[in-house]
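Following: one structure in structure tokens, then a few remarks.
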Amino acid sequence: MPELPEVETVRRGLQPVMEGARILSVEQRRPDLRFPFPERFSESLSGRTIMSIGRRAKYLTMHLDRDPVLICHLGMSGSFRILSGRSASLPGVFHHERSKDEAHDHVVFNVEDAHGEARRVVFNDPRRFGFMLFAESAVLNEHASLAGLGVEPTGNALDGTLLSELLRGRRAPLKAALLDQRLIAGLGNIYVCEALWRAGLSPRREAGSLGAAEADRLSSAIRDVIAEAIEAGGSSLRDYVRADGSLGYFQHSFSVYDRESQPCPRQGCGGTISRIVQSGRSTFYCPSCQR
DNA sequence: AAGTGAACCTGAAGGC
DNA sequence: TGCCTTCAGGTTCACT
């Protein structure tokens with residue numbers, strides 16, 4: 001579910017409550033999510049102080065006052081919500097009222113935040129494609145989950161020259177190449193579709209076939225759409241909410257994603273958005289203006 | 001090696 | 001109403 005902008009939004013939502021907080025206890029309510037929880041999961045976290053919450057691609061990292069680092073992935077349906085500790089013991093007066101199905105509340109962090117407020121930070125994940133793992137901080141980037149990740153589409157690193165290099169020689173469709181986390185890390189189905197539309201490039205193009213001007217356009221489109229989506233607090237489809245319960249609103253800015261049969265929004269195009277399936281996933285694009 | 005498709009799991013939505 | 005199928009923001013594994 002969550003792509004980079006949603007994960008970054010979650011990180012920013014957790015930051016004010018988690019940074020500087022002390023973990024009093026951790027309730028682990030099942031043995032596994034996508035993977036088994038680490039050995040001594042709760043014991044290793046309890047008593048620690050959270051120094052910072054980081055993000056790499058779609059992974060969240062929780063850095064403590066000593067090892068291990070907690071690596072967390074939200075999978076397709078993972079989310080966090082924050083309850084005030086006091087409200088948590090008084091049903092009906094939660095920090096925010098949105099009550100998700102508590103059957104899928106898999107982990108609860110009981111913390112005391114930097115102001116001494118008791119908080120419950122709850123990880124909910126109906127599909128359980130998310131996971132939590134431990135890593136050694138000194139070799140965090142060599143951890144199996146993070147080691148192979150490509151360039152972040154935020155900041156200045158991703159330009160036309162680098163994108164050309166990454167795509168050179170690749171025979172896969174452009175869509176598939178952009179979803180490959182080893183090349184660019186953090187893009188998912190929504191933002192790949194949106195970036196390709198902005199760049200006027202067909203998702204079916206052979207990835208290695210882009211010219212320099214096209215690679216320039218695409219790298220700009222990727223960076224722009226990711227930056228705008230972060231600014232908007234991500235996209236809220238179905239059940240995605242921010243840690244404070246509010247919704248992101250980038251979904252209102254979709255040009256093609258989930259807009260099959262609707263007119264292409266590009267000025268003067270007049271085309272109609274199509275849905276095709278590429279490597280098992282829906283691609284939305286305008287066959288008229290994306291070539 | 002690179003590329004494709006299935007698998008993992010639950011819930012929502014649509015068709016009949 | 002219920003039952004069935006299809007689909008969903010991701011990653012990993014098995015296969016060609």
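If you're wondering where the values come from, they're calculated on a predicted model, not measured in any experiment. Below, read A as the first sequence line, B as the second, and so on, with proteins coming before strands; counting in each chain starts at 1.
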Taking CG from A/L179 and P from B/dA2, how many angstroms apart are they, rounded to a whole number? 17 Å
Want to settle it: does A/S279 or A/R182 sit nearer the 5' end of DNA chain B, counting the closest nucleotide to each? A/R182
Look at atom CZ of A/R204 and say whether more than 12 heavy atoms of other residues, nucleotides or ligands are closer to it than 6.0 Å. no
Is the phosphate of C/dG10, meaning OP1 or OP2, less than 4.0 Å from a side-chain N or O of A/H73? no
Salt bridge (charged side-chain N to carboxylate O under 4.0 Å, His left out) test vs A/D113 passes for just one of A/R119, A/R120, A/R22, namely A/R119
How is A/R34 classified with respect to the nucleic acid when contacts are heavy atoms under 4.0 Å: base, sugar-phosphate, or nothing? base
Quick note, A/I190 side chain, CB onward, closest among C/dA8, C/dG9, C/dT12 is C/dG9
Taking the basic N atoms (NZ, or NE/NH1/NH2) and the acidic carboxylate oxygens, is any pair closer than 4.0 Å for A/E6 and A/K58? no
Less than 4.0 angstrom between a side-chain N/O of A/H104 and OP1 or OP2 of B/dG11, yes or no? yes
Would you indicate, yes or no, if B/dG11 has its OP1 or OP2 atom less than 4.0 angstrom from a side-chain nitrogen or oxygen of A/R127? no
Can you run down the ring pair (Phe, Tyr, Trp, His ring centres under 6.0 Å) pairs that involve residues 132-151 of chain A, sequence neighbours left out, and say none if there aren't any? A/F41-A/F134
Rounding to the closest angstrom, what is the interatomic distance between B/dG5 and C/dC7 at atom P? 15 Å
Distance, rounded to the nearest Å, where A/R128 contributes CZ and B/dC8 contributes P: 12 Å
Of the listed nucleotides (C/dG10, C/dT12, B/dG3), which one gets closest to any side-chain atom of A/F35? C/dT12
Rounded off to whole Å, could you give me the CD1-to-P distance for the A/I184 and C/dG10 pair? 14 Å
OP1 or OP2 of B/dG11 versus the side-chain N and O atoms of A/S77: is any pair under 4.0 Å? no
Paired with B/dC9 by Watson-Crick or G-U wobble geometry, both distances under 3.5 Å: which nucleotide is it? none
DNA chain C: A/R275 or A/A144, which has the more 5' nearest nucleotide? A/R275
Write down the distance between CD1 (A/I226) and C1' (C/dG9), rounded to a whole number of angstrom. 12 Å
Return no unless some side-chain N or O of A/K58 is found under 4.0 Å from OP1 or OP2 of C/dG9. no
Once you round it to whole Å, what is the distance between P of C/dG9 and CZ of A/F254? 10 Å
Given A/R275 and A/S282, is the side-chain hydrogen bond (donor to acceptor under 3.5 Å, both in side chains) satisfied, shown in steps? CA-CA 6 Å; A/R275 174 182 174 275; A/S282 289; 2.8 Å; yes
Counting any heavy atom closer than 4.0 Å, what does A/S145 reach on the DNA or RNA strands: base, sugar-phosphate only, or nothing? nothing
Can you check the distance between B/dA1 and C/dT11, where both ends of the measurement are the P atom (answer in whole Å)? 23 Å
Could you state the CG-C1' distance from A/D180 to B/dG3, rounded to the nearest angstrom? 10 Å
Shortest side-chain distance from A/R170, nucleotide among B/dT4, B/dA2, C/dA8: B/dA2
For the side chain of A/R223 and the backbone of A/L158, is there at least one donor-acceptor N/O pair under 3.5 Å apart? yes
A/L178 CG to C/dG9 P, straight-line distance once rounded to whole Å: 16 Å
Using whole Å, what does the distance between atom P of nucleotide C/dT11 and atom CD of A/Q181 come to? 5 Å
A/F129-B/dC9 aromatic stacking (under 5.5 Å, under 30°): no
